[in-house]
Amino acid sequence: MKLKIQWKPYFSDTEYGMVGEIKAFSIVRHGSQFTLAPRLPDAKGVTLPAEDFRDLEKAKARADMLLEAFLKAFLADTRRAKPTAVAAEAS
């Protein structure tokens with residue numbers, strides 16, 4: 001599954017990285033520095049700490065990497081699940 005981050009400006013110093021309707025990341029500009037704040041959890045359910053970058057494109061590339069890791073962890077067990085098991089739980 002390949003999802004893309006759509007970056008939307010918010011205020012003059014902030015961009016939100018949207019994945020569908022989910023606000024998955026934010027990037028805030030502090031002078032010549034950019035802070036990437038992930039909002040998605042890692043494989044253990046913990047939100048990753050913010051990271052600082054000197055280049056906006058590097059911050060966005062890191063967000064792409066984090067989204068890919070999130071999707072890999074999120075979908076890890078779904079390939080092994082049997083469709084009948086999911087239907088049985090819904091009953």
Original post:
Just wondering, are more than 12 heavy atoms of other shown residues or ligands nearer than 6.0 Å to CD1 in Ile22?
Top reply: no
**OP:** Would you indicate whether Gln33, at its atom CD, is surrounded by more than 12 heavy atoms from other residues, nucleotides or ligands within a distance under 6.0 Å?
**Re:** yes
Taking all atoms of both residues into account, what is the closest heavy-atom pair of [X] and [Y], and its distance?
X: Leu67; Y: Leu3; result: CD2-O, 3.7 Å
X: Gly17; Y: Ile5; result: CA-CG2, 3.5 Å
X: Leu36; Y: Ala59; result: CD2-O, 3.5 Å
X: Arg39; Y: Lys23; result: CD-O, 3.2 Å
X: Thr47; Y: Pro38; result: CG2-O, 3.2 Å
X: Ala24; Y: Val19; result: CB-CG2, 3.8 Å

**OP:** Output yes when Glu15 and Lys8 qualify as a salt bridge under the 4.0 Å nitrogen-oxygen rule, no when they do not.
**Re:** no
**OP:** State yes or no: do Phe11 and Tyr16 share one hydrophobic cluster built from I, L, V, M, F, W and Y residues joined by side-chain heavy-atom distances below 4.5 Å, directly or via other members?
**Re:** yes
Subject >> Side-chain heavy-atom pair Thr35, His30 within 4.5 angstrom cut-off >> reply: yes
Original post:
Which value, rounded to the nearest 0.5 Å, describes the distance between Leu56 atom CG and Trp7 atom CH2?
Top reply: 8.0 Å
**OP:** Answer with yes or no after comparing the ring centroid distance for Phe53 and Phe34 against a 6.0 Å cut-off, counting only values under it.
**Re:** no
